[in-house]
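Below: the structure, in structure tokens.
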Protein chains: 2
Amino acid sequence: MPRSGEAVRRRLQQAALELFAEHGFEQTPVEAIASRAGVTERTFYRHFADKREMLFDGETELRDLLVQAVAAVPHGTKPLPTLRAAFHETVPLFERNRPFTEPGVRLIAETPALQERSLAKRALLVNALTDALQARGVDARIAPLCAQVAMDTFAVATRRWMQEPSVPLHDQVDQAFRELRLAAAALK
Amino acid sequence: MPRSGEAVRRRLQQAALELFAEHGFEQTPVEAIASRAGVTERTFYRHFADKREMLFDGETELRDLLVQAVAAVPHGTKPLPTLRAAFHETVPLFERNRPFTEPGVRLIAETPALQERSLAKRALLVNALTDALQARGVDARIAPLCAQVAMDTFAVATRRWMQEPSVPLHDQVDQAFRELRLAAAALK
DNA sequence: CTCTATATGTCATACTCTGACGCTATTAGT
DNA sequence: ACTAATAGCGTCAGAGTATGACATATAGAG
């Protein structure tokens, strides 16, 4: 195989993060990113489907880990406890990547176009979790609801963890799922 | 006040729906929409922020209705029952708009860019519901979780209602919230 | 009828993204 | 070590999205 191109991809990500931090996402043309990385604008689009996509690189890794974790939960476990356990398995990944993802999270929070893409990525995760549940025999009727609700509960946990890093993510996850159980118990 | 421009806006929407149905969303340039509506491309962007936005016109109406419905629920009602009641109030709006929204829903389902925007609109609804809950004294810690979970539960109900119109939306909503309660009861 | 506010047209332009073609460098095979 | 294949990259062209600036036309208020 010829030259790898992996170095170029990393340089593009590095250049983009720097420029986004300086001028913001919308005010940074792709040409500027490519230029700082020492390549052409065309090369950028050979490494990333579009300008937003480069901010969401770890999502496929997270998805694979989650699907694997769901499959590893002992059989007979109910859907939401299964998903809670799977999310606990991803905690080390989040803790390890925290310093890297923090600036990206802030950038996403203040850029509507990136929020949209972030929501789309979460939807992909929900789909993957739905399939993983159905592979365990969960009824196709409730699998999407469980996957979606668990995803949102975990999202609440991570958001709190970002704002208040003193509480471990494990505890935030348990706390959020506790609140979900209490809130749902009030339904008739 | 001079000419209203309301007729042009409607013509643009009509022309867009026709062209999207014929050639798809991505394959329809804004210029073609404007041309069929008898105006310039520039005028299109004076009526809609971007090409996707025209598919999500009813969202603000739905949002206002939901916020109003949440405020109208008797005090002392718990968050999720409050939101369930609020969503029940929006059922007539959905039933009335069903023939109009059906082609749009199919178009959104098969167009990634529109799915992203749809998710963003749902996020706006969740934010509005969160605020509406907090205005009723719901703890700011659990309001976002309740709003998000209720929104997803309602989304599941509407999706089933679209696929199987024989069951009334009211029943789909109750059924989905029942499933949410059962699923959450299995936690711990 | 005149004035004014608002909608629209016109023109220019920056930016995103894609296709086509050719060049170059790296790697595998001999 | 030499060659050939291949993946990465540059260059060019072009369509489509979206926005700003300025001019024009039209409907309603006085």
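Reminder, nothing fancy here: chain letters follow the sequence lines and each chain counts from 1. Since the model is a prediction, treat every value here as computed from it, not as a measurement.
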Problem - Length of the CZ-C1' vector between R52(A) and dC15(C), whole Å - result: 13 Å

Exercise for the section: Assess the side chains of R178(B) and Q175(B): does a donor N or O sit below 3.5 Å from an acceptor N or O? Expected result: yes

Practice task
Answer yes when K51(B) and E26(B) have at least one side-chain N-carboxylate O distance shorter than 4.0 Å, and no when they do not.
Solution key: no

Exercise for the section: Please state how far atom NZ in K51(B) lies from atom C1' in dA15(D), giving the value in whole angstrom units. Expected result: 12 Å

Fill in the blank from the handout: Considering only heavy side-chain atoms of V39(B), the closest of dT17(D), dT16(C), dG9(C) is dG9(C)

Exercise for the section: Could you state the atom-to-atom distance from CD of Q27(A) to C1' of dT19(D) in whole Å? Expected result: 12 Å

Practice task
Looking only at side-chain atoms of H47(A), point me to the closest of dT16(C), dA18(D), dC9(D).
Solution key: dC9(D)

Handout entry: Under 4.0 angstrom between Y45(A) side-chain N/O and dT18(C) OP1 or OP2
Key = no

Problem - Touch class at under 4.0 angstrom, heavy-atom based, for T40(A) against every strand present - result: base

Practice task
Report whether V149(A) and L124(A) are members of the same hydrophobic cluster (ILVMFWY, side-chain heavy atoms less than 4.5 Å apart, transitive linking).
Solution key: no

Practice task
Report which part of the nucleic acid E31(B) touches: base, sugar-phosphate, or nothing (heavy-atom distance under 4.0 Å, all strands).
Solution key: nothing

Exercise for the section: Starting from P on dT16(C), measure out to CZ on F48(A) and report it in whole angstrom. Expected result: 15 Å

Practice task
Using whole Å, report how far CD of E41(B) lies from C1' of dG20(D).
Solution key: 14 Å

Problem - Spacing between E26(A) atom CD and dT17(D) atom P, to the nearest angstrom - result: 17 Å

Completion exercise
Among the nucleotides dG9(C), dA18(D), dG10(D), whichever has the atom closest to the side chain of R46(A) is dG10(D)

Practice task
Please report, rounded to the nearest Å, how far the P atom of dT10(C) is from the CZ atom of F44(B).
Solution key: 18 Å

Handout entry: Presence of donor-acceptor pair under 3.5 Å, side chain of R42(A) and base of dG19(C)
Key = yes

Practice task
Take atom CD of E6(B) and atom C1' of dA27(D), then tell me their distance rounded to the nearest Å.
Solution key: 16 Å

Handout entry: ILVMFWY cluster, V91(A) and L83(A) together (side-chain gap under 4.5 Å)
Key = yes

Handout entry: Contact under 4.0 Å: T43(A) side-chain N or O vs dG10(D) OP1/OP2
Key = yes

Exercise for the section: Confirm from the modelled atom types if R9(A) and dG8(D) form a donor-acceptor pair under 3.5 Å, side chain to base only. Expected result: no

Problem - E164(A), CD atom: more than 12 neighbouring heavy atoms under 6.0 Å - result: no

